[in-house]
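What follows is a single structure, written as structure tokens, with notes after it.
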Amino acid sequence: MRVDGRKYVLPVLLVCLSLVVSLLIAEMAVRRFWPAHRGSRSHNKLFVEHHTLLGWTKHSNFEGIHRTAEYAITEKFNSRGIRGPEYSYAKKQNETRIMILGDSFAEGYCVEFDDLFSESLKAHLNQQKTKYYEVINTGTGGWSTDQEYLFFVTEGFKYRPDIVMLLFYHNDVWPNNQSTYWRGGKPLFKIESNELVLSNTPVPKPHPRKPRSWNRRVGRWLKDNSDLYCLSQKAMEEAAPMVRHLMASVAVQSNSSRPCRELPDRWVVFYRNPESGAIDRAWEITDRLLVELRNEVEKVHATLIIVNVPWQATVYPSEWRDFVSKYCLDPKKWDLDQPRRRLAEFCKQEGILWYDLTEPLREYARSLQSQGKRIYFPYDGHWTPIGQERVGQLLARYLQHKGL
């Protein structure tokens, strides 16, 4: 018996047409009532180019847009690849100049320039009106202590800062002992005959990216053009912790093992008793770099201040529990305060000024809970405009307390 397929053509076409119309109506509804979702991208989409010494630097004379489900901002770089206006090497009369060194927390590519902690710091300090403060933020996403040091000794010192603030984040340590980062090659310092020796320079260019598969190209197009698609992605991201807890509960009840994600090496900095000596070597290189940076800063008659930036999971306990669940960790083997304690002891030993943002931000985060406000973006993991403003205020108070 032969089946006449032609009689199914019209019903199938009607179903497809109904589906398309429904999706278009949903898309229009999302754009009307939940705008600013389109273009949800990885927060690691940085505007950088290859550099033979530093690995990568921000583009000069560049303007681009960062757009995710959590924010959409415009980032502009001046002729020397620094975020913000043009800054001359020469200082104005009666100007106290502050230079910011750091990674993506310093760069702050998830907020507008005027919302940056460094601009907040500048505004709070200039309220005194006894002298003028200028703050130059040279932060670059993905940099570690070695790249920040090299930037200062080759370019940063030319601005003759009075104060240099290095924002230190826990994931600076591991890459200080690596010649590659997921972003590409980077410089590597080694300790030979008790001296820091620079290697892996000139840094080789990264390999060209492989063309995206058709399904990834479709996904990219949907992210750039469909608010409905991006809103759906955000909903799934928000549901992920709940789903993980549910899966964990089911796994325990059934006595079955559940899949765990592989923990990246950089997190070993929180591990109480690491099995490998690699993290000890990374810390040794980090220590030496900080001492060398202090020495170079003092050569231009400036003061170095190390500012500890806490991971959001050390500020929000629920996010640490999610992290433990995600990677199937034993919490007893991990110490979230270990890196900052070690760094504080080192700075005290070396006489380097040190300011820890952990407790002030924990307290501020608790005070905002009843208002439903956050100082970190939940998925991006960097400071929100509210967090940026608070950090600027805290740093200004610290400098005023120190008489700087």
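For the single chain, residues carry numbers from 1 onward in sequence order.
The distance from atom OH of Tyr109 to atom CG of Asp380, rounded to the nearest 0.5 Å, is 5.5 Å. Taking OG1 of Thr96 as the start and CG of Leu125 as the end, the distance is 9.0 Å to the nearest 0.5 Å. The NE2 atom of His382 lies 14.0 Å from the CD1 atom of Ile375; values are rounded to the nearest 0.5 Å. For the atom pair OG (Ser88) and CD1 (Ile136), the distance works out to 7.5 Å, reported to the nearest 0.5 Å. For the atom pair CG of Leu121 and CD of Gln388, the computed distance is 11.5 Å after rounding to the nearest 0.5 Å. Atom CG of Asn308 and atom CG of Asp356 lie 4.5 Å apart (nearest 0.5 Å).
Taking 4.5 Å as the limit, some side-chain heavy atom of Trp383 sits within range of a side-chain heavy atom of Leu361. Contact of the Ile285 side chain with the Arg288 side chain is not registered, since no non-hydrogen atoms from C-beta on lie closer than 4.5 Å. A 4.5 Å side-chain heavy-atom check between Leu116 and Val111 finds at least one atom pair inside the cut-off. For the pair Leu54/Thr140, no side-chain contact is recorded, criterion being any heavy-atom separation below 4.5 Å from C-beta on. Residues Lys348 and Trp354 are not in side-chain contact: their nearest non-hydrogen atoms beyond the backbone lie 4.5 Å or more apart. Contact of the His50 side chain with the Pro206 side chain is registered, since non-hydrogen atoms from C-beta on lie closer than 4.5 Å. In this structure, the side chains of Leu399 and Tyr355 stay at 4.5 Å or more apart for every pair of heavy atoms. Proximity of Leu404 to Ile305: side-chain heavy atoms (C-beta onward) are separated by under 4.5 Å at one or more points.
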Using the side-chain contact (heavy atoms from CB on, under 4.5 Å) rule, take Thr74 and Glu63 through it: C-alpha gap first, then chi angles, then the decisive distance, then the call. CA-CA 7 Å; Thr74 299; Glu63 178 176 333; 3.6 Å; yes
Test Arg281 against Glu284 for salt bridge (charged side-chain N to carboxylate O under 4.0 Å, His left out), laying out the working first. CA-CA 5 Å; Arg281 290 192 295 274; Glu284 184 181 5; over 6 Å; no
Please assess Phe117 against Ile100 for the test side-chain contact (heavy atoms from CB on, under 4.5 Å), listing each intermediate value before the final yes or no. CA-CA 10 Å; Phe117 77 93; Ile100 305 294; 3.8 Å; yes
If you apply the rule side-chain contact (heavy atoms from CB on, under 4.5 Å), what do you find for Tyr132 with Gln93, and how did you get there? CA-CA 9 Å; Tyr132 175 72; Gln93 188 176 4; over 6 Å; no
Take Val173 and Phe168 through the test side-chain contact (heavy atoms from CB on, under 4.5 Å) and record every step on the way to the result. CA-CA 9 Å; Val173 180; Phe168 190 95; 3.6 Å; yes
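Note on residues 145-156: pairs passing side chain to side chain donor-acceptor pair (under 3.5 Å), not counting sequence neighbours, are Tyr89-Glu155, Thr145-Asn176, Asp146-Lys186, Glu155-Lys158. Counting only residues at least two apart or on different chains, the salt bridge (charged side-chain N to carboxylate O under 4.0 Å, His left out) pairs with a member in residues 109-127 are Lys122-Glu134. Every pair passing salt bridge (charged side-chain N to carboxylate O under 4.0 Å, His left out) that includes a residue from residues 364-375 is listed here, sequence neighbours excluded: Glu319-Arg374. Evaluation of the side chain to side chain donor-acceptor pair (under 3.5 Å) test over residues 391-404, restricted to residues two or more places apart or in two chains, returns Arg390-Gln393.
Between the side chains of Asn137 and Ser118, at least one donor N or O sits under 3.5 Å from an acceptor N or O. A side-chain donor from one of Ser79 and Glu86 sits under 3.5 Å from a side-chain acceptor of the other. His170 and Gln338 are not linked by any side-chain donor-acceptor pair at a separation below 3.5 angstrom, with hydrogens and angles left out of the test.
Ion pairing between a basic and an acidic side chain is recognised when a charged N comes within 4.0 Å of a carboxylate O; Arg342 and Glu345 show no such pairing. Using a cutoff of 4.0 Å between basic side-chain nitrogens and carboxylate oxygens, Asp337 and Arg362 are scored as salt-bridged. The residues Glu192 and Lys190 are annotated as not salt-bridged, no charged nitrogen and carboxylate oxygen being separated by less than 4.0 angstrom. No salt bridge links Arg272 with Asp330; every basic N to acidic carboxylate O contact stays at or beyond 4.0 Å.
Applying the 6.0 Å contact sphere to NZ of Lys76 captures no more than 12 heavy atoms from other residues, nucleotides or ligands. Summarising the local packing, CD of Glu363 is surrounded by 12 or fewer heavy atoms from other residues, nucleotides or ligands at distances under 6.0 Å.
Applying the ring pair (Phe, Tyr, Trp, His ring centres under 6.0 Å) test between Trp311 and each of Phe105, Phe270, Tyr376, Trp334 identifies Phe270 as the sole match. Screening Leu395, Val391, Leu101 against Val307 for a side chain to side chain contact (heavy atoms under 4.5 Å, CB included) leaves a single residue, Leu395.
Looking at Ser325, its side chain never comes within 3.5 Å of a backbone N or O of Arg321 through a donor-acceptor pair. Judged by distance alone, with hydrogens and angles left aside, the side-chain atoms of Arg340 form no donor-acceptor pair with the main-chain N or O of Leu357 at under 3.5 Å. Not one N or O on the side chain of Asp172 forms a donor-acceptor pair closer than 3.5 Å with the backbone of Ser144. Judged by distance alone, with hydrogens and angles left aside, the side-chain atoms of Thr68 form a donor-acceptor pair with the main-chain N or O of Glu70 at under 3.5 Å. A donor-acceptor pair is defined here as one N or O able to donate and one able to accept, closer than 3.5 Å; such a pair exists between the side chain of Arg83 and the backbone of Glu107. Judged by distance alone, with hydrogens and angles left aside, the side-chain atoms of Arg294 form a donor-acceptor pair with the main-chain N or O of Glu350 at under 3.5 Å. The backbone N or O of Gly139 sits less than 3.5 Å from a side-chain atom of Lys58, completing a donor-acceptor pair.
Aromatic rings of Tyr327 and Trp267 (six-membered ring for Trp) have centroids beyond the 6.0 Å cut-off, not under it. Aromatic rings of Tyr159 and Tyr87 (six-membered ring for Trp) have centroids beyond the 6.0 Å cut-off, not under it.
Checked against side chain to side chain donor-acceptor pair (under 3.5 Å), Lys131 has no partners two or more places apart in sequence or in another chain. Scanning for ring-ring contact (aromatic ring centres under 6.0 Å, His included) contacts around Phe346 gives an empty result, with sequence neighbours left out.
Smallest separation of non-hydrogen atoms from Cys347 and Ile306: SG-CG1, 4.0 Å. Across Val203 and Pro187, no two heavy atoms sit closer than the pair CG2-N, 3.7 Å. For the residue pair Asp103 and Gly142, the shortest heavy atom distance occurs at CB-N, 4.2 Å. Considering all non-hydrogen atoms of both residues, Gly392 and Ser120 come closest at CA-OG, 3.6 Å. Residue Trp56 comes nearest to Gly185 through the heavy atom pair CZ3-O, 3.6 Å, listed as atom of the first residue, atom of the second, then distance. Closest of all the heavy-atom pairs between Pro161 and Phe152 is CG-CE1, 4.1 Å.
Ring orientation note: the planes of Trp320 and Phe323 are close to parallel, at an angle under 30° on the 30°/60° scale. Using bins of under 30°, 30° to 60° and over 60° for the plane-to-plane angle, the ring pair Trp143/Phe151 lands in the tilted bin.
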